[in-house]
Amino acid sequence: MAKLKITQVRSRIGASLRQRKNLDALGLRKINQSVEHDDSVIIKGMLERVKHLVTIEEVK
């Protein structure tokens with residue numbers, strides 16, 4: 001199963017409450033912080049809401 005490396009690159013200041021909650025659920029709290037998650041439909045849905053705040057890389 002593929003993994004996704006997600007890095008927060010923009011500030012959560014000015015983001016909506018829903019976007020901030022998605023960042024919290026992904027485990028992102030600071031700029032330049034990275035986390036790895038399994039590639040799933042749930043994670044992709046969360047990333048769709050915050051795609052302007054994060055970068056996504058596929059890790060094998």
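All values derive from a computational prediction rather than experimental measurement.
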Problem set entry | Nearest-0.5 Å distance, CG of residue Asp38 to CE of residue Met1 | 5.5 Å
Exercise. Gly27 and Val35: which non-hydrogen atoms are nearest, and at how many Å?
Worked result: O-CG1, 3.7 Å
For this session: Please assess Glu36 against Ile6 for the test side-chain contact (heavy atoms from CB on, under 4.5 Å), listing each intermediate value before the final yes or no.
Result: CA-CA 6 Å; Glu36 286 191 11; Ile6 306 154; over 6 Å; no
Exercise. Would you say Ile31 and Arg10 make side-chain contact, with heavy atoms under 4.5 Å?
Worked result: no
Exercise. So which heavy atom on Met46 is nearest to which on Ala25, and how close?
Worked result: CE-CB, 3.2 Å
For this session: Would you mind checking if Asp24 and Arg29 are paired as a salt bridge, meaning a charged N to carboxylate O distance below 4.0 Å?
Result: yes
Problem set entry | Note, Leu26 side chain near Val54 side chain (heavy atom, < 4.5 Å) | no
Exercise. Could you state the interatomic distance from NZ (Lys3) to NE2 (His37), rounded to the nearest 0.5 Å?
Worked result: 9.0 Å
Seminar exercise, completed: In short, Leu28 meets Gln33 closest at the heavy-atom pair CD2-O, 3.4 Å
For this session: Report yes or no: does Gln19 contribute a side-chain atom to a donor-acceptor pair with the main-chain N or O of Gly14 at less than 3.5 Å?
Result: no
Exercise. In terms of hydrophobic clustering (I, L, V, M, F, W, Y; side-chain heavy atoms under 4.5 Å; direct or indirect links), are Val41 and Leu4 co-clustered?
Worked result: no
For this session: Mark yes when over 12 heavy atoms from residues, nucleotides or ligands other than Leu17 sit less than 6.0 Å from its CG; otherwise mark no.
Result: yes
For this session: Grab the two heavy atoms, one from Gln8 and one from Arg12, that are nearest each other, plus how far apart they are.
Result: NE2-N, 3.9 Å
Seminar exercise, completed: CG (Leu53) and CD1 (Ile13) are apart, to the nearest 0.5 Å, by 11.5 Å
